[in-house]
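None of these values were measured; they are calculated from a predicted model.
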Amino acid sequence: KSMGAHGIKELKVAFSKPGIGAESSITWGSSIPQIFNSTFTGIINTVESAFYTTGCKCYEEAGQMIADAQTLCIIGIGGSELVAHFCATECMRLGKHISTYTDTFMLEQLALPVASKSDVLVAVSCSGTTHSIVDAARIAKSHGSKIISFTTNGESPLARLSDVVLIAPTYPVFCDDIHSFTRIAQITQANVLYLAAATIMGKTIDGFREQYVNLTNYRKIHEQTSV
């Protein structure tokens, strides 16, 4: 679990992918073609491994939590800020009240006191050990909030506090960077999560489909079959 797998099967699948667990092939001496190939291969492998390590059931459960929530609090600091903002931007289309915190001070001063049973906390931390994120999750949990986490470590403090854990693996990129490709996989996971919530709400809430169209910039697509 600490390596981003739910079991032996998923771990074997992850390590069977080219480059997983290997030293980064991008160095100071790498050519542009080598960087091009290594980057795209790394991203593809990381996203594919995330597909195998986090099953569909997790997204279904997390999507239902978001569909039922009155308020979403989405948090992530440092490099995880990118994923937190993307998740918030997508979920805005659901018509939920959303608060996003990507600064430690604001997180501690504003996010924690407002947690309640009707809230869902979406926490992003690759390591699952970022103190301010774990503290926020712990306080939200004590207030009865549901917690969805994005992390690479299924046995981290954040994962243990979470109701649903969406795991993406680490992947050596360049020098000591092992999370750049992970965050691309997490953005993919956030997209699945948002779409799961949207379709659940579209099937269960009267008038949501029309509301959704009004909240987005997408063209309305008329369904060809009734649901």
Side-chain angles (χ1 to χ4, degrees), residues 1-59 62-63 74-91 100 102 122-130 132-134 137 148-159 162 164-196:
K1 287 184 179 180
S2 64
M3 298 181 72
H6 285 172
I8 295 296
K9 180 180 177 181
E10 288 82 358
L11 187 63
K12 288 181 178 178
V13 169
F15 272 91
S16 70
K17 305 302 177 185
I20 293 288
E23 294 297 324
S24 171
S25 56
I26 302 176
T27 68
W28 292 110
S30 294
S31 66
I32 301 304
Q34 287 173 328
I35 294 171
F36 175 85
N37 289 328
S38 294
T39 299
F40 275 91
T41 299
I43 291 170
I44 291 167
N45 287 339
T46 306
V47 172
E48 187 173 6
S49 293
F51 172 84
Y52 286 108
T53 55
T54 303
C56 179
K57 186 66 175 177
C58 290
Y59 295 100
I74 303 175
I75 61 176
I77 62 176
S80 296
E81 178 179 347
L82 173 68
V83 181
H85 277 304
F86 177 84
C87 190
T89 300
E90 294 296 279
C91 289
T100 308
T102 57
V122 180
V124 187
S125 171
C126 283
S127 67
T129 61
T130 306
S132 57
I133 300 296
V134 174
I148 301 167
S149 64
F150 292 79
T151 184
T152 66
N153 189 341
E155 293 186 338
S156 64
L158 178 61
S162 301
V164 176
V165 183
L166 305 180
I167 296 178
T170 59
Y171 193 104
V173 183
F174 176 65
C175 291
D176 62 349
D177 178 12
I178 59 172
H179 289 147
S180 288
F181 298 164
T182 301
R183 293 186 181 103
I184 294 174
Q186 289 175 333
I187 286 174
T188 305
Q189 291 176 315
N191 206 6
V192 176
L193 177 60
Y194 149 71
L195 290 169

Phe181 vs Val47, side chain to side chain contact (heavy atoms under 4.5 Å, CB included): CA-CA, chis, key distance, verdict:
CA-CA 8 Å; Phe181 298 164; Val47 172; over 6 Å; no
Can you give me the closest heavy-atom contact between Gln186 and Phe150, atom names plus distance?
O-CE2, 3.7 Å
Restricting to non-hydrogen atoms, name the atom on Ala159 and the atom on Ser149 that form the minimum distance, rounded to 0.1 Å.
CA-OG, 4.3 Å
Indicate yes or no: at least one non-hydrogen side-chain atom of Thr46 is less than 4.5 angstrom from one of Pro169.
yes
Here the pair of heavy atoms bringing Ala123 nearest to Leu158 is CB-CD1, 3.9 Å
Is there a donor-acceptor contact under 3.5 Å from the side chain of Asp177 to the main chain of His179?
yes
So, Thr151 side chain and Ser125 main chain: donor-acceptor pair closer than 3.5 Å or not?
yes
Parallel, tilted or perpendicular: which one describes the rings of Trp28 and Phe174, with boundaries at 30° and 60°?
perpendicular
With rounding to the nearest 0.5 Å, note down the distance linking CG in Asn191 to CZ in Phe86.
4.5 Å
Rounded to the nearest 0.5 Å, what separation is found between the CD1 atom of Ile43 and the OG atom of Ser38?
11.0 Å
Thr129 to Pro157 - nearest heavy-atom pair and separation:
CG2-CD, 3.8 Å
Within this structure, what is the OG-CD1 distance for the pair Ser180 and Ile26, rounded to the nearest 0.5 Å?
9.5 Å
Heavy-atom closest pair (Leu193 atom, Ala62 atom, distance to 0.1 Å) is CD1-CB, 3.3 Å
To the nearest 0.5 Å, how far apart are CD in Glu155 and CD1 in Ile167?
9.0 Å
Strictly distance-based, threshold 3.5 Å: is any side-chain N or O of Arg183 a donor or acceptor partner for the main-chain N or O of Leu82?
no
Do Ile77 and Ser132 touch side chain to side chain, with heavy atoms closer than 4.5 Å?
yes
Starting at CD1 of Ile35, measure out to OG1 of Thr27 and round the result to the nearest 0.5 Å.
8.0 Å
Compare every heavy atom of Ser80 with every heavy atom of Cys126, then report the nearest pair and how far apart it is.
N-OG, 3.9 Å
Report yes if the side chains of Tyr171 and Ile184 come closer than 4.5 Å at any heavy-atom pair, otherwise no.
no
From OG1 (Thr53) to CG (Leu166), nearest 0.5 Å
9.5 Å
